[in-house]
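Reading through the structure tokens given below for one structure.
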2 protein chains.
Amino acid sequence: MDSIVNKVLDEIDLQILDILQKEGQVSNTEIASRVKLSPPATHARVKRLDNEGYISQRVSILNQEKLGFDLLSFIFISTNLHQAEQLEVLESALESMEEVLEFHLLTGEHDYLLKVMNKDRKELERFIRKLNKLGITRIQTSLSLREIKYSTVLPIWGQE
Amino acid sequence: MDSIVNKVLDEIDLQILDILQKEGQVSNTEIASRVKLSPPATHARVKRLDNEGYISQRVSILNQEKLGFDLLSFIFISTNLHQAEQLEVLESALESMEEVLEFHLLTGEHDYLLKVMNKDRKELERFIRKLNKLGITRIQTSLSLREIKYSTVLPIWGQE
DNA sequence: GCTGAAAGTATAAATTC
DNA sequence: GAATTTATACTTTCAGC
């Protein structure tokens, strides 16, 4: 046995979640046949998993290249802000920017990592200028030359 | 006007893609009413966008916390491998690991960034040991203390 | 791209195990 | 209590226009 998970989710629930996280489009009927349950029973489980918050959202992943997004950057930023309010302002400002795809507080003193998607260098430059106005003291930008893997799939069966 | 995009995709196509990337579950009927087209016309567009590869995949995003994934890390690795074959072996080894959610080649000499999801420190330690066996000379690990934002949505309307 | 009809799904209710 | 079967509403999808 593994963790808390198995106390509320059985094997079939995990199977369903794993199907959904890999193929969001698959029909309830199809899931039912794969987990060897009737469609209504399966549907009830999916609904339960949804209501209980195991499924955060269903989305379509668009093709970055075909839509002209050629410039993915990872930007480390540091700040010398210390008051909680100031940090909150900074965080909500960055969070609301659509080009910011991910935003993490990292270990260390007020070090953040941003994953930023832009169409081109000009847009990235504009973005970095916006950062400068927010009380950020240090900015270190790394460009992604090639995205080797991009997955939203959690390794729910563990790894060996 | 913006880019190459608008030569093959009109405003309605972009609207459809934007709806889909934010709400993968929404029905064709609903999309149709939002873009003010009939369901069949809308369906034909969605199918076209799918066939032409604008939609890479449809997925469900699961709740990390509820499934016990408490440890998200960003790992920078460097290698002194230079032969293309060796690098390919390294890349495909890392790509196939389920705990590796993202994998990017960055600017610089053979510097990669990994986004790695683990349940706990023990699993992360096991993962790092696996890295050591692959000819990686330098490993720098940053832990995410808090995920402030996580989005798969491309800013297709541009940013201001 | 639209309208209207046919096929296929999802979902609710009633029943059984 | 949970899954199944039966029945209904909805959606997708295929004609013809």
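Just so it is clear: chains get the letters A, B, ... in the order the sequence lines come, proteins before strands, and each one is counted from 1.
The residues B:Asp10 and B:Arg45 are annotated as salt-bridged, a charged nitrogen and a carboxylate oxygen being separated by less than 4.0 angstrom.
In summary, the side chains of B:Gln64 and B:Tyr150 do not present any donor paired with an acceptor at a separation below 3.5 Å, with no hydrogens or angles considered. No side-chain donor from either of B:Thr137 and B:Asn80 sits under 3.5 Å from a side-chain acceptor of the other.
The side chain of A:Leu37 lies closest to D:dA3, out of C:dA10, D:dA3, D:dC14. Of the candidates C:dA12, D:dT11, D:dT4, the closest approach to any side-chain atom of B:Thr29 belongs to D:dT11. The side chain of B:Ala41 has C:dG1 as its nearest neighbour among C:dT3, D:dT11, C:dG1.
In this structure, A:Asp10 places its CG atom 13 Å from C1' of D:dA3, rounding to the nearest Å. Atom pair A:Lys47:NZ and D:dA2:C1' shows a separation of 16 Å (rounding to whole Å applied). Rounded to whole angstrom, the span from the CD1 atom of B:Ile31 across to the C1' atom of D:dT12 amounts to 12 Å. Atom C1' of nucleotide C:dG1 and atom CG of B:Asn28 are separated by 14 Å, given to the nearest angstrom. Between the CD1 atom of A:Ile12 and the C1' atom of D:dA2 there is a distance of 11 Å, given to the nearest Å.
Both tests hold for A:Lys119 against A:Phe69: distance to the six-membered ring centre under 6.0 Å, angle to the ring axis within 45°.
Under 4.0 angstrom from either OP1 or OP2 of C:dG1 there lies no side-chain N or O belonging to B:Lys36. At D:dA2, none of the side-chain N or O atoms of A:Arg45 fall inside 4.0 Å of OP1 or OP2 (strictly under the cut-off).
Residue contacts for A:Arg48: at a heavy-atom cut-off of 4.0 Å it reaches no nucleic acid atom on any strand shown.
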